[in-house]
2 protein chains.
Amino acid sequence: MATARPSTTNSRGRLTRDRVLHAAIAHADAAGLEFLTMRTLAETLEVAPMALYRHVSSKDDLIDAMVDVVFTEIGVPGGGGDWKTSMRRRAVAVRQALTRHPWAVGLLEARRRPGPANLRHHDAVIGRLRAAGFDVIETAHAYSLLDSYIYGFALTKADLPFDGSEQAGAMAGAMLSPFPANEYPNLVEFLSEHVMTPGYDYEAEFEFGLDVLLDALEQGLRPPDRIVSLR
Amino acid sequence: MATARPSTTNSRGRLTRDRVLHAAIAHADAAGLEFLTMRTLAETLEVAPMALYRHVSSKDDLIDAMVDVVFTEIGVPGGGGDWKTSMRRRAVAVRQALTRHPWAVGLLEARRRPGPANLRHHDAVIGRLRAAGFDVIETAHAYSLLDSYIYGFALTKADLPFDGSEQAGAMAGAMLSPFPANEYPNLVEFLSEHVMTPGYDYEAEFEFGLDVLLDALEQGLRPPDRIVSLR
DNA sequence: ACCTGAACACCGTTCAAGT
DNA sequence: ACCTGAACACCGTTCAAGT
């Protein structure tokens, strides 16, 4: 009682930028970005829509800020270990953040005005590769390859219309039902013999592909890891 | 005069689904998907907005159909040559389609009701890999890896806020200007020594990474190409 | 059969006003 | 200083009507 704000219109005290941001992220996580409107957001915060504009200058600004919160969650790759384990950890961290926040796929790299956490992240990844002996061009190769894979996997995963293999079957059936049977024999075989299999776990594909990439980078680019002392 | 339709309200004769589709794609190509509205589309076709609904049942249905047009453009991988060249050609075809239609990135795999061209494409790619000796699991690995890369590259590329290296410089400057100098030394070095270099061509990165992937698949998975006779 | 116009339930956001 | 309410210029789409 002593610490609670005396009496404001909305239930949880004064509106702050942080409350707006985290309510927006929670809403996008739960309902998807297309259902995040300034009006519904205001409703969940129990304020008038226009109250939000004291803390964000526009919906676009809001989304910019949401994206930077995601980059804050991702953090920067730790300095310990060789570049490969460092890049692997970083890739998994991005993947996990995108699993928590599927709406952020396609937005992390899209914003015209990247926030500080975004820039800090990219700066750290580039720095880590350079410190391991990658020259500028090799860094570009490695970064492009890894990020394309990570974002692309998240994209196809986010778009994948099913979660588990039970739903996969129904979904695949619904997808194919408007078409003549045996029109797409290879697709049907693939879905029935793999995707609809009980043990199927698309998420496991991510780390498989990631290791293929890291191994390929190790072989094709500069082989030896130089000094590893990023403190 | 003889072949022209006598007198309808809009300039180019009767409205057809094809005209709606291609006008929509042209508009999205030129202005971006967020500027494609049923109302502006109707305007360019010189009809009332509601006239469109005779040919598409909703905006979502319109976008579904647009996506399938893109898959029609992509086509199916040709049967000739080994799987590697076949998959390479296919990847480049997808890349080119996404260059022409950047709005389609993130939509190609997203639609709940994939169209016939979409399914035919996937069926053909899976069939090509299976015919080359990939088992179902290896096919899943290869497909996931390649598609993640292709879509991810398109995503980061589409989001890249600059086209050539001249604009890159201005853009990078604008991105970093709100922050203290030397806050992101690695990023600054990377941008100034690589991205802002005259010869810089991010598009070339695509085929570099693609070949890394194809080589890795060749080594890591089933080595020999089996019989190649997909007629 | 094909197209139109008015209307409805939404958006993001501006502006003037409240406390 | 912080929040509200009415209003504006948009959306996609329903419905009844025109020819």
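Quick note on labels: first sequence line is chain A, next is B, and so on, each numbered from 1. We use all heavy atoms of the structure for the numbers below, so side chains are in, but hydrogens, waters and symmetry mates are not.
For the segment residues 62-70 of chain A, no residue has any heavy atom less than 4.0 angstrom from an atom of DNA chain C.
Counting only heavy atoms from C-beta on, A:His55 has its side chain closest to D:dC3 among C:dT4, D:dC3, D:dT13. The A:Thr37 side chain lies nearest to C:dG12 when the options are D:dC3, C:dG12, D:dC2. Here the side chain of A:Ser58 is nearest to one of C:dC3, C:dT13, D:dC3, namely C:dT13.
Other residues, nucleotides and ligands contribute only 12 or fewer heavy atoms inside 6.0 Å of the CZ atom of A:Arg113. Other residues, nucleotides and ligands contribute at most 12 non-hydrogen atoms within 6.0 Å of the CG atom of A:Asn182.
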- Query: Yes or no on side chain to side chain contact (heavy atoms under 4.5 Å, CB included) for A:Phe190 and A:Asn186, after CA distance, side-chain angles and deciding distance?
  - Reply: CA-CA 6 Å; A:Phe190 183 76; A:Asn186 300 301; over 6 Å; no

- When you look at A:Leu210 and A:Met87, which way does the side chain to side chain contact (heavy atoms under 4.5 Å, CB included) test go after all the steps? CA-CA 10 Å; A:Leu210 178 60; A:Met87 286 302 109; over 6 Å; no

- Check the pair B:Trp103 / B:Met66 against side chain to side chain contact (heavy atoms under 4.5 Å, CB included), numbers first and verdict last. CA-CA 10 Å; B:Trp103 51 268; B:Met66 292 166 67; 3.8 Å; yes

- Steps toward side chain to side chain contact (heavy atoms under 4.5 Å, CB included) verdict (B:Asp29, B:Arg100): CA-CA 7 Å; B:Asp29 289 350; B:Arg100 282 193 301 274; 5.5 Å; no

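Straight-line distance from the CD atom of A:Glu43 to the P atom of D:dT4: 13 Å, rounded to whole Å. The distance between atom CG of B:Leu36 and atom P of D:dC10, rounded to the nearest whole Å, is 17 Å. Per the geometry, CD belonging to B:Glu46 stands 17 Å off C1' belonging to C:dC2, to the nearest Å. The distance from atom CG of A:Leu15 to atom P of D:dA1 is 17 Å, rounded to the nearest whole Å. The CE atom of B:Met38 sits 14 Å away from the C1' atom of C:dC3 (whole-angstrom rounding). The CG atom of A:Leu41 sits 9 Å away from the P atom of C:dG12 (whole-angstrom rounding). Distance, B:Leu52 CG to C:dC2 P: 15 Å, rounded to whole Å. When rounded to the nearest whole Å, the span between CG of B:Leu45 and P of C:dC3 equals 11 Å.
Ring geometry for A:Phe71 versus A:His121: interplanar angle of 30 to 60°, hence tilted.
Aromatic ring centroids of A:Tyr149 and B:Tyr149 lie 6.0 Å or more apart.
Side-chain contact annotation: A:His101 with A:Glu73, donor-acceptor N/O pair under 3.5 Å present.
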Would you list the protein and nucleotides 14-19 of chain D atom pairs, both N or O, that sit under 3.5 Å from each other?
none

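Comment: B:Lys59 does not engage B:Asp64 in a salt bridge, judged by the lack of any side-chain N to carboxylate O separation of less than 4.0 angstrom. Residues A:Arg95 and A:Glu207 are not paired through a salt bridge, judged by the lack of any N-O separation under 4.0 Å between the basic side chain and the carboxylate. B:Arg17 and B:Asp61 are joined by a salt bridge, as a carboxylate oxygen and a charged side-chain nitrogen come within less than 4.0 angstrom of each other.
Both A:Pro49 and A:Arg39 sit near DNA chain D, but only A:Pro49 has its closest nucleotide nearer the 5' end.
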- Query: With Watson-Crick and G-U wobble geometry limited to distances under 3.5 Å, how should the secondary structure of DNA chain C be encoded in dot-bracket form, using | for bases paired to another strand and [ ] for crossing pairs?
  - Reply: ||.|||||...|||||.||

